[in-house]
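Reviewing the structure listed below.
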Amino acid sequence: MGVCRVLIIGELINGSRTVVKQAVVEHDETVIRDLAVQQVEAGADYIDVNISVGQGDKEAEDMVWAIKLIEEVTTVPLAVDSANLQVMEAGLRARKNTVLVNSVSAEKHRMEPFLDLCAEYNAAAAALPIKDSGIPPAPEERLEICQLLAEKARDRNIPVENMYFDPLVLPLGVDTYNSYAAIETIKKLKKTIPGVKTTAGISNVSYGLPGRKLLNQVFLVLCMQAGLDGAILDPTDQGLMAAVKTTEVLLNKDKMCMNYLQAYRKGLLNN
């Protein structure tokens, strides 16, 4: 993976999706394997694994089950996605490949325990500007929380380059300020914390609105212009992936247009 490329984190193995929830409950191995392969073939650099389907004590067991299935069919790194410490640790123990902890926040029950796991397992982390009182609306406040998380990571010898700070993308349908706040937070992070990396859940912005694909594409372009390093998205959405390739080349992040031309020859830029 070239240093200039946006890191693509495939979002499709998520228990909030009906097909995934059913697969986890029924332990349908084929569905999980197929979703992993489809995302890698579409260009995912990481596979996010979120199997929270309301099974309580079974969640850690389900996480291990899913990770083992995914690693049977691909060697790409995984993003172990859970707010439960025991589930996260079970996933980190089970995985063979490089891993991203998704996610750390500044909430008392999550910050230090999750950062300790990152240090113990030499894992990168997605970090969210959330504190016990909730998500602050202002980019300046979100930046302050990210600075705190970066400091706590340094205390554990976790390089800032291993921290992917998420500006927190909230739906436009709730407040049109939400997309602006996310973009401004990315800008402030890149300007303020040397070596910082950023990532964002792109499709959150369009939740509840019509024309979601177009909103997602344009929002992704604006985030990349602001300095986005990684994107949590559906890599099988050809229009979204075409937007990635096109924006990379226009921002001088694809030397000699190599990735763009390769995607064109494969027919991946037909929107």
Side-chain angles (χ1 to χ4, degrees), residues 1-15 17 20 24 29 31-52 60 62-85 87-104 114-128 149 153 156-166 195-203 220 224 228-237 240-241 244-245 248 253 259:
M1 181 180 60
V3 294
C4 287
R5 283 193 50 216
V6 170
L7 188 82
I8 302 298
I9 303 172
E11 68 180 6
L12 295 184
I13 300 179
N14 190 300
R17 301 179 67 229
V20 175
V24 172
E29 299 181 357
V31 169
I32 301 300
R33 288 195 190 101
D34 286 352
L35 284 171
V37 170
Q38 289 167 17
Q39 292 183 95
V40 172
E41 289 180 346
D45 301 298
Y46 272 71
I47 299 295
D48 192 76
V49 189
N50 182 329
I51 46 70
S52 179
D62 290 337
M63 178 64 80
V64 172
W65 169 78
I67 285 174
K68 288 183 176 179
L69 288 177
I70 295 164
E71 290 192 332
E72 286 177 6
V73 293
T74 179
T75 59
V76 302
L78 304 180
V80 181
D81 188 348
S82 178
N84 183 299
L85 185 67
V87 174
M88 179 63 69
E89 188 164 16
L92 292 175
R93 283 199 307 267
R95 100 286 182 258
K96 298 176 183 177
N97 301 320
T98 307
V99 69
L100 175 79
V101 167
N102 190 8
S103 56
V104 179
F114 276 66
L115 285 173
D116 287 343
L117 284 180
C118 291
E120 180 179 352
Y121 289 93
N122 192 29
L128 308 178
L149 288 166
R156 291 161 174 79
N157 295 315
I158 300 172
V160 70
E161 293 80 8
N162 282 3
M163 301 288 289
Y164 283 82
F165 290 93
D166 190 323
V196 72
K197 292 180 180 177
T198 57
T199 189
I202 299 301
S203 63
L220 173 62
M224 289 176 65
L228 190 71
D229 299 289
I232 302 169
L233 50 76
D234 174 4
T236 67
D237 182 335
L240 204 53
M241 293 296 282
V244 171
K245 300 298 183 187
E248 283 176 342
K253 293 179 176 291
N259 294 331

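The shortest distance between side-chain heavy atoms of Ile32 and Trp65 falls below 4.5 Å. Side-chain contact between Gln39 and Val76: absent, with no pair of heavy atoms (C-beta onward) separated by less than 4.5 Å. Between Thr199 and Leu100 there is no side-chain heavy-atom pair separated by less than 4.5 Å. Side-chain contact between Leu128 and Asp166: present, with at least one pair of heavy atoms (C-beta onward) separated by less than 4.5 Å. The side-chain heavy atoms of Leu220 and Leu228, taken from C-beta on, include a pair separated by under 4.5 Å. Counting heavy atoms from C-beta on, the side chains of Cys118 and Val104 come closer than 4.5 Å. Two residues are said to be in side-chain contact when any heavy atoms from C-beta on lie closer than 4.5 Å; Tyr46 and Thr98 meet this criterion. Two residues are said to be in side-chain contact when any heavy atoms from C-beta on lie closer than 4.5 Å; Met63 and Asn84 fail this criterion.
Although no hydrogens or angles enter the test, the distance criterion places a donor-acceptor pair under 3.5 Å between the side chain of Thr198 and the main chain of Asp229. With Glu161 contributing its side chain and Gly195 its backbone, the two residues share no donor-acceptor pair below 3.5 Å. Distance alone, capped at 3.5 Å, is enough to place a donor-acceptor pair between the Glu248 side chain and the Val6 backbone. Between the side chain of Glu89 and the backbone N or O of Leu85, no donor-acceptor pair lies under 3.5 Å. Looking only at distances, no side-chain donor or acceptor of Asn97 sits under 3.5 Å from a matching main-chain atom of Pro77. Using modelled atom types, one side-chain atom of Glu71 and one backbone atom of Lys96 make a donor-acceptor pair closer than 3.5 Å.
For Glu29, the salt bridge (charged side-chain N to carboxylate O under 4.0 Å, His left out) criterion is met by Arg33, not counting sequence neighbours.
Of the inter-residue distances, the one linking Thr74 atom OG1 with Gln38 atom CD reads 12.5 Å to the nearest 0.5 angstrom. To the nearest 0.5 Å, atom CD of residue Glu11 and atom CD1 of residue Ile232 are 8.0 Å apart. If you take CG on Leu12 and CG on Asp34, they are separated by 12.0 Å, rounding to the nearest 0.5 Å. Ile51 CD1 to Ile67 CD1: the interatomic distance, rounded to the nearest 0.5 Å, is 8.0 Å.
Thr236 and Asp234 form a side-chain donor-acceptor contact under 3.5 Å, judged by distance and modelled atom types alone.
Heavy-atom minimum distance, Ala44 versus Gly10: CB-N, 4.2 Å.
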